[in-house]
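Note that ligands are numbered from 1 as they come in the structure, with each ligand's atoms numbered from 1 the same way. Everything numeric in this text was worked out from a predicted model, so none of it was measured.
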Amino acid sequence: MRKKVTKAIFPVAGLGTRFLPATKSVPKEIMTLVDRPLVQYAIDEARAAGIKEFIFVTSRGKSALEDYFDHNPILEQELRKKGKDDLLETLKSTNMESGAIAYIRQHRALGLGHAVWCARRLIGNEPFAVMLPDDVIAAEKPCLQQMVEAYEETGGNMVAAMEVPPEKASSYGVLDVAEDMGAVVNARGMVEKPVPGSEPSNLAVIGRYILEPSVLRNLNKMKQGAGGEIQLTDAIAEDINAGKPVYGYRFRGQRFDCGSKSGFLQATVAFALARDELRGDLSRYLTETIHASQAAE
Ligand code: G1P
(Lines give C-alpha, C1' and ligand atoms only; values in the text may rest on other atoms or scores of the structure.)
Protein backbone atom coordinates (compact mmCIF):
# COMPACT_ATOMS: atom_id res chain seq x y z
CA MET A 1 0.00 0.00 0.00
CA ARG A 2 1.39 3.39 -1.02
CA LYS A 3 1.65 6.00 1.73
CA LYS A 4 -1.00 8.72 1.44
CA VAL A 5 0.09 12.27 0.68
CA THR A 6 -1.23 14.28 3.62
CA LYS A 7 1.31 17.11 3.95
CA ALA A 8 1.90 20.05 1.65
CA ILE A 9 4.57 22.71 1.65
CA PHE A 10 3.68 26.20 0.43
CA PRO A 11 6.80 28.26 -0.26
CA VAL A 12 5.66 31.85 0.30
CA ALA A 13 8.87 33.59 1.35
CA GLY A 14 9.38 35.53 -1.91
CA LEU A 15 9.48 39.32 -1.87
CA GLY A 16 7.04 39.68 -4.75
CA THR A 17 9.08 42.51 -6.24
CA ARG A 18 7.19 42.30 -9.54
CA PHE A 19 4.15 43.67 -7.75
CA LEU A 20 5.78 46.60 -5.97
CA PRO A 21 4.64 48.93 -4.55
CA ALA A 22 1.62 46.76 -3.57
CA THR A 23 3.85 44.07 -2.06
CA LYS A 24 5.69 46.58 0.11
CA SER A 25 3.16 45.86 2.85
CA VAL A 26 0.88 43.14 1.44
CA PRO A 27 2.29 39.65 0.90
CA LYS A 28 1.88 38.68 -2.75
CA GLU A 29 -0.06 35.57 -1.70
CA ILE A 30 -2.72 37.76 -0.09
CA MET A 31 -3.40 39.65 -3.32
CA THR A 32 -6.89 38.77 -4.46
CA LEU A 33 -8.42 37.22 -7.53
CA VAL A 34 -11.95 38.65 -7.33
CA ASP A 35 -12.44 38.31 -3.55
CA ARG A 36 -10.17 35.47 -2.52
CA PRO A 37 -6.44 35.71 -1.93
CA LEU A 38 -4.13 33.66 -4.14
CA VAL A 39 -3.25 31.44 -1.21
CA GLN A 40 -6.89 30.47 -0.68
CA TYR A 41 -7.02 28.92 -4.14
CA ALA A 42 -3.97 26.81 -3.28
CA ILE A 43 -5.40 25.75 0.08
CA ASP A 44 -8.73 24.73 -1.46
CA GLU A 45 -6.90 22.69 -4.08
CA ALA A 46 -4.77 21.01 -1.41
CA ARG A 47 -7.82 20.15 0.70
CA ALA A 48 -9.56 18.61 -2.31
CA ALA A 49 -6.50 16.40 -2.78
CA GLY A 50 -6.69 15.09 0.79
CA ILE A 51 -3.98 17.26 2.36
CA LYS A 52 -4.36 17.52 6.14
CA GLU A 53 -1.22 19.41 7.16
CA PHE A 54 -0.27 22.73 5.63
CA ILE A 55 3.28 23.97 6.01
CA PHE A 56 4.06 27.54 5.00
CA VAL A 57 7.64 28.59 4.46
CA THR A 58 7.51 32.31 5.11
CA SER A 59 9.83 35.25 5.66
CA ARG A 60 9.82 38.66 7.30
CA GLY A 61 6.72 40.72 6.52
CA LYS A 62 4.33 37.81 5.95
CA SER A 63 2.31 38.06 9.17
CA ALA A 64 -0.83 38.97 7.19
CA LEU A 65 -0.80 35.36 5.99
CA GLU A 66 -0.88 34.04 9.55
CA ASP A 67 -3.75 36.37 10.44
CA TYR A 68 -5.63 35.29 7.36
CA PHE A 69 -5.83 31.67 8.53
CA ASP A 70 -6.75 32.64 12.08
CA HIS A 71 -10.20 33.20 13.55
CA ASN A 72 -11.28 36.82 13.78
CA PRO A 73 -13.65 36.76 16.80
CA ILE A 74 -14.76 40.41 16.53
CA LEU A 75 -15.64 40.09 12.86
CA GLU A 76 -17.39 36.76 13.39
CA GLN A 77 -19.40 38.11 16.35
CA GLU A 78 -20.47 41.12 14.33
CA LEU A 79 -21.59 38.98 11.37
CA ARG A 80 -23.46 36.62 13.69
CA LYS A 81 -25.26 39.56 15.33
CA LYS A 82 -26.34 40.84 11.93
CA GLY A 83 -27.48 37.38 10.81
CA LYS A 84 -24.99 37.32 7.90
CA ASP A 85 -24.77 33.54 7.79
CA ASP A 86 -23.59 33.45 4.18
CA LEU A 87 -20.54 35.56 5.02
CA LEU A 88 -19.83 33.46 8.11
CA GLU A 89 -19.93 30.42 5.87
CA THR A 90 -17.47 32.08 3.45
CA LEU A 91 -15.06 32.66 6.32
CA LYS A 92 -15.07 28.98 7.25
CA SER A 93 -12.76 28.04 4.39
CA THR A 94 -10.12 30.39 5.85
CA ASN A 95 -9.96 28.59 9.18
CA MET A 96 -7.66 25.72 9.93
CA GLU A 97 -8.03 23.05 12.53
CA SER A 98 -5.63 23.73 15.42
CA GLY A 99 -2.27 22.17 14.68
CA ALA A 100 -3.03 21.64 10.99
CA ILE A 101 -1.03 24.66 9.90
CA ALA A 102 2.61 25.44 10.57
CA TYR A 103 4.84 28.35 9.66
CA ILE A 104 8.57 27.98 9.18
CA ARG A 105 10.84 30.91 8.45
CA GLN A 106 13.30 30.86 5.60
CA HIS A 107 15.88 33.22 7.02
CA ARG A 108 17.73 33.82 3.79
CA ALA A 109 16.43 33.83 0.21
CA LEU A 110 18.57 30.97 -1.08
CA GLY A 111 16.10 29.55 -3.60
CA LEU A 112 13.02 27.35 -3.92
CA GLY A 113 14.91 24.16 -3.07
CA HIS A 114 16.20 25.74 0.11
CA ALA A 115 12.69 26.94 1.05
CA VAL A 116 11.35 23.39 0.71
CA TRP A 117 14.32 22.03 2.68
CA CYS A 118 13.44 24.40 5.56
CA ALA A 119 10.30 22.27 6.15
CA ARG A 120 12.18 18.94 6.26
CA ARG A 121 11.63 18.22 9.96
CA LEU A 122 7.88 18.60 9.60
CA ILE A 123 7.79 16.19 6.67
CA GLY A 124 9.77 13.31 8.12
CA ASN A 125 9.92 10.15 6.05
CA GLU A 126 6.84 10.30 3.86
CA PRO A 127 5.81 11.61 0.45
CA PHE A 128 4.65 15.22 0.43
CA ALA A 129 3.24 17.83 -1.93
CA VAL A 130 4.70 21.21 -2.82
CA MET A 131 2.39 23.93 -4.15
CA LEU A 132 3.50 27.28 -5.54
CA PRO A 133 0.55 29.63 -4.99
CA ASP A 134 1.67 31.85 -7.91
CA ASP A 135 0.56 29.11 -10.27
CA VAL A 136 -3.22 29.19 -10.13
CA ILE A 137 -4.91 26.37 -12.00
CA ALA A 138 -8.57 26.47 -12.97
CA ALA A 139 -9.76 22.90 -13.45
CA GLU A 140 -12.89 20.84 -13.12
CA LYS A 141 -10.98 18.37 -10.97
CA PRO A 142 -8.36 20.31 -8.98
CA CYS A 143 -4.84 19.76 -10.33
CA LEU A 144 -3.28 18.28 -7.19
CA GLN A 145 -6.16 15.83 -6.88
CA GLN A 146 -5.53 14.68 -10.46
CA MET A 147 -1.88 14.20 -9.55
CA VAL A 148 -2.60 12.29 -6.34
CA GLU A 149 -4.78 9.90 -8.31
CA ALA A 150 -2.06 9.40 -10.93
CA TYR A 151 0.57 9.04 -8.20
CA GLU A 152 -1.42 6.24 -6.58
CA GLU A 153 -0.72 4.30 -9.78
CA THR A 154 2.89 5.34 -10.40
CA GLY A 155 4.55 6.26 -7.08
CA GLY A 156 7.94 7.95 -7.47
CA ASN A 157 8.27 11.72 -7.81
CA MET A 158 5.71 13.58 -9.87
CA VAL A 159 5.68 17.15 -11.19
CA ALA A 160 2.85 18.98 -12.94
CA ALA A 161 3.79 19.59 -16.56
CA MET A 162 2.54 21.71 -19.42
CA GLU A 163 3.69 22.42 -22.96
CA VAL A 164 4.80 26.06 -23.27
CA PRO A 165 5.82 28.00 -26.39
CA PRO A 166 9.44 26.92 -27.11
CA GLU A 167 10.77 30.48 -26.70
CA LYS A 168 9.33 30.57 -23.16
CA ALA A 169 10.79 27.25 -21.98
CA SER A 170 13.95 28.84 -20.59
CA SER A 171 11.83 30.55 -17.89
CA TYR A 172 10.89 27.20 -16.36
CA GLY A 173 12.13 23.91 -15.10
CA VAL A 174 12.04 21.72 -18.23
CA LEU A 175 11.64 17.95 -18.57
CA ASP A 176 13.83 15.72 -20.67
CA VAL A 177 11.30 13.08 -21.72
CA ALA A 178 12.35 9.43 -21.91
CA GLU A 179 8.93 7.95 -22.52
CA ASP A 180 5.65 9.72 -23.31
CA MET A 181 2.61 7.80 -22.15
CA GLY A 182 0.09 10.59 -22.77
CA ALA A 183 -0.98 12.18 -19.49
CA VAL A 184 2.11 10.80 -17.77
CA VAL A 185 5.67 11.10 -19.07
CA ASN A 186 8.73 9.41 -17.67
CA ALA A 187 11.64 11.87 -17.37
CA ARG A 188 15.27 11.05 -17.91
CA GLY A 189 16.34 14.52 -16.78
CA MET A 190 15.18 17.94 -15.64
CA VAL A 191 16.86 21.31 -16.15
CA GLU A 192 16.09 24.51 -14.30
CA LYS A 193 15.95 27.61 -16.55
CA PRO A 194 17.90 26.06 -19.43
CA VAL A 195 20.02 28.37 -21.55
CA PRO A 196 17.87 29.36 -24.57
CA GLY A 197 18.51 26.93 -27.39
CA SER A 198 19.55 24.11 -25.03
CA GLU A 199 16.07 23.15 -23.76
CA PRO A 200 15.55 19.37 -23.78
CA SER A 201 11.85 19.90 -24.65
CA ASN A 202 9.10 22.48 -24.24
CA LEU A 203 7.42 20.47 -21.48
CA ALA A 204 7.66 22.81 -18.49
CA VAL A 205 7.30 22.11 -14.80
CA ILE A 206 4.36 23.93 -13.21
CA GLY A 207 4.18 24.59 -9.48
CA ARG A 208 2.67 21.34 -8.19
CA TYR A 209 4.84 18.50 -7.01
CA ILE A 210 4.46 15.18 -5.21
CA LEU A 211 7.86 14.25 -3.88
CA GLU A 212 9.63 11.48 -2.06
CA PRO A 213 11.58 12.32 1.11
CA SER A 214 14.79 11.42 -0.79
CA VAL A 215 14.47 14.85 -2.48
CA LEU A 216 14.88 16.50 0.93
CA ARG A 217 18.03 14.47 1.51
CA ASN A 218 19.35 15.60 -1.88
CA LEU A 219 18.74 19.18 -0.78
CA ASN A 220 20.99 18.65 2.28
CA LYS A 221 23.92 19.06 -0.09
CA MET A 222 22.97 22.71 -0.69
CA LYS A 223 24.21 22.59 -4.27
CA GLN A 224 23.83 25.89 -6.07
CA GLY A 225 22.14 25.78 -9.46
CA ALA A 226 20.60 28.25 -11.94
CA GLY A 227 20.90 31.86 -10.78
CA GLY A 228 23.20 30.78 -7.91
CA GLU A 229 20.11 29.44 -6.08
CA ILE A 230 19.43 26.08 -4.48
CA GLN A 231 16.95 24.67 -6.95
CA LEU A 232 14.17 22.16 -6.27
CA THR A 233 14.45 20.99 -9.89
CA ASP A 234 18.09 19.93 -9.34
CA ALA A 235 17.22 17.93 -6.22
CA ILE A 236 14.48 16.10 -8.13
CA ALA A 237 16.81 15.48 -11.09
CA GLU A 238 19.31 13.95 -8.67
CA ASP A 239 16.74 11.28 -7.84
CA ILE A 240 16.63 10.33 -11.54
CA ASN A 241 20.41 9.89 -11.50
CA ALA A 242 20.00 7.67 -8.44
CA GLY A 243 17.66 5.45 -10.49
CA LYS A 244 14.37 6.65 -8.98
CA PRO A 245 11.51 7.48 -11.32
CA VAL A 246 10.37 11.04 -11.95
CA TYR A 247 7.12 11.57 -13.83
CA GLY A 248 5.68 14.64 -15.47
CA TYR A 249 1.90 14.84 -15.30
CA ARG A 250 0.03 16.77 -17.99
CA PHE A 251 -2.86 18.08 -15.93
CA ARG A 252 -6.26 18.99 -17.34
CA GLY A 253 -6.96 22.64 -16.64
CA GLN A 254 -5.89 26.19 -17.35
CA ARG A 255 -2.84 27.55 -15.59
CA PHE A 256 -2.38 31.23 -14.84
CA ASP A 257 1.03 32.62 -13.98
CA CYS A 258 -0.06 34.94 -11.19
CA GLY A 259 3.57 35.84 -10.55
CA SER A 260 3.29 38.12 -13.59
CA LYS A 261 0.98 41.10 -13.94
CA SER A 262 -0.46 39.90 -17.20
CA GLY A 263 -1.17 36.40 -15.84
CA PHE A 264 -2.69 37.88 -12.71
CA LEU A 265 -5.04 40.08 -14.75
CA GLN A 266 -6.04 37.18 -16.99
CA ALA A 267 -6.80 35.07 -13.93
CA THR A 268 -8.87 37.90 -12.46
CA VAL A 269 -10.98 38.08 -15.60
CA ALA A 270 -11.30 34.29 -15.92
CA PHE A 271 -12.35 33.77 -12.31
CA ALA A 272 -14.75 36.71 -12.44
CA LEU A 273 -16.37 35.36 -15.63
CA ALA A 274 -16.80 32.02 -13.86
CA ARG A 275 -18.97 33.68 -11.22
CA ASP A 276 -22.72 33.87 -11.93
CA GLU A 277 -23.15 37.21 -10.16
CA LEU A 278 -20.35 38.92 -12.11
CA ARG A 279 -20.42 37.31 -15.55
CA GLY A 280 -23.16 39.44 -17.16
CA ASP A 281 -21.81 42.89 -16.24
CA LEU A 282 -18.19 42.02 -16.84
CA SER A 283 -18.62 40.34 -20.21
CA ARG A 284 -20.76 43.27 -21.40
CA TYR A 285 -18.06 45.68 -20.28
CA LEU A 286 -15.29 43.65 -21.92
CA THR A 287 -17.17 43.35 -25.22
CA GLU A 288 -17.93 47.09 -25.33
CA THR A 289 -14.38 48.02 -24.44
CA ILE A 290 -12.90 45.76 -27.09
CA HIS A 291 -15.30 47.08 -29.73
CA ALA A 292 -14.53 50.67 -28.79
CA SER A 293 -10.77 50.12 -28.96
CA GLN A 294 -11.10 48.30 -32.32
CA ALA A 295 -13.21 51.15 -33.68
CA ALA A 296 -10.59 53.68 -32.56
CA GLU A 297 -7.79 51.85 -34.39
C1 G1P B 1 9.70 27.84 -10.24
C2 G1P B 1 10.49 26.55 -10.47
C3 G1P B 1 10.44 26.16 -11.93
C4 G1P B 1 9.00 26.03 -12.39
C5 G1P B 1 8.21 27.32 -12.08
C6 G1P B 1 6.73 27.12 -12.36
O7 G1P B 1 10.36 28.88 -10.92
O8 G1P B 1 11.84 26.76 -10.05
O9 G1P B 1 11.10 24.93 -12.12
O10 G1P B 1 8.97 25.76 -13.77
O11 G1P B 1 8.36 27.70 -10.70
O12 G1P B 1 6.00 28.27 -12.13
P13 G1P B 1 10.06 30.45 -10.65
O14 G1P B 1 8.79 30.76 -11.37
O15 G1P B 1 9.93 30.61 -9.17
O16 G1P B 1 11.23 31.17 -11.22
Side-chain angles (χ1 to χ4, degrees), residues 8-19 23 27-29 31 38-39 41-42 45 56-59 106 109-119 129-139 143-144 147 157-177 185 187 189-196 198-211 215-216 218-219 222-240 246-251 253-264 266-267:
I9 301 175
F10 300 82
V12 291
L15 291 175
T17 47
R18 280 198 263 180
F19 284 92
T23 44
K28 180 177 61 172
E29 300 76 20
M31 290 181 28
L38 281 186
V39 71
Y41 290 86
E45 186 182 327
F56 284 80
V57 182
T58 68
S59 59
Q106 184 189 25
L110 297 178
L112 177 60
H114 178 263
V116 168
W117 176 83
C118 288
V130 176
M131 301 185 75
L132 311 186
D134 269 5
D135 281 331
V136 175
I137 300 170
C143 179
L144 191 66
M147 288 174 70
N157 293 294
M158 181 173 278
V159 300
M162 181 182 107
E163 259 87 21
V164 296
E167 69 280 7
K168 296 267 169 69
S170 59
S171 310
Y172 293 89
V174 177
L175 291 169
D176 189 354
V177 177
V185 306
M190 273 172 87
V191 196
E192 180 66 18
K193 314 258 158 58
V195 176
S198 75
E199 303 88 348
S201 75
N202 67 333
L203 192 59
V205 176
I206 300 302
R208 303 288 182 275
Y209 308 76
I210 297 176
L211 301 175
V215 172
L216 295 173
N218 299 342
L219 285 166
M222 297 287 152
K223 266 205 276 193
Q224 284 183 10
E229 297 191 341
I230 298 161
Q231 297 290 356
L232 184 58
T233 301
D234 295 343
I236 302 170
E238 207 175 314
D239 255 13
I240 306 180
V246 172
Y247 300 102
Y249 180 78
R250 288 193 183 93
F251 55 93
Q254 191 179 5
R255 173 254 185 178
F256 296 95
D257 173 12
C258 290
S260 78
K261 286 175 203 168
S262 157
F264 191 92
Q266 287 169 33

### Message
Against ligand 1, does Asp135 come closer than 4.0 Å with any heavy atom?
### Response
yes
### Query
Given the protein's heavy atoms, is any one of them under 4.0 Å from atom 15 (O) of ligand 1?
no
### Query
Tell me, do Pro200 and Leu175 make a side-chain contact under 4.5 Å, heavy atoms counted?
no
### Proximity winner for atom 11 (O) of ligand 1, if only heavy atoms of Leu132, Val159, Val130 are counted
Leu132
### Query
Of Met162, Arg208, Arg255, Glu192, which has the heavy atom at the shortest distance from atom 2 (C) of ligand 1?
Glu192
### Query
Taking atom CG of Leu219 and atom SG of Cys118, what is their separation to the nearest 0.5 Å?
10.0 Å
### Query
So how far is it from His114 NE2 to Ile230 CD1, rounded to the nearest 0.5 Å?
5.5 Å
### Query
Is atom 9 (O) of ligand 1 in close reach of the protein, with a heavy atom under 4.0 Å away?
yes
### Query
So which heavy atom in the protein is nearest atom 7 (O) of ligand 1, and how far is it from that ligand atom?
Lys193 NZ, 3.5 Å
### Query
Backbone or side chain, does any N or O of Gly173 fall under 3.5 Å from an N or O of ligand 1?
yes
### Query
Can you find a non-hydrogen atom of Glu229 under 4.0 Å from ligand 1?
no
### Query
Does the pair Thr17 and Thr23 meet the rule for a side-chain contact (heavy atoms from CB on, under 4.5 Å), with working shown?
CA-CA 7 Å; Thr17 47; Thr23 44; 6.0 Å; no
### Lys/Arg-Asp/Glu bridge criterion (N-O < 4.0 Å) met for Asp234, Lys223
no
### Query
Out of curiosity, Met190 CE to Glu192 CD, how far, rounded to the nearest 0.5 Å?
8.0 Å
### Message
Can you name the atoms of ligand 1, numbered from 1 with element, that are less than 4.0 Å from a heavy atom of Leu112?
### Response
2 (C), 8 (O)
### Query
Distance from Asp135 atom CG to Cys258 atom SG, nearest 0.5 Å?
8.0 Å
### Message
Within the 4.0 Å heavy-atom shell around Thr233, which atoms of ligand 1 are there?
### Response
9 (O)
### Task
Return yes or no for this condition: an N or O of Val205 is under 3.5 Å from an N or O of ligand 1.
yes
### Task
Output the distance between atom OH (Tyr209) and atom OG1 (Thr233), rounded to the nearest 0.5 Å.
5.0 Å
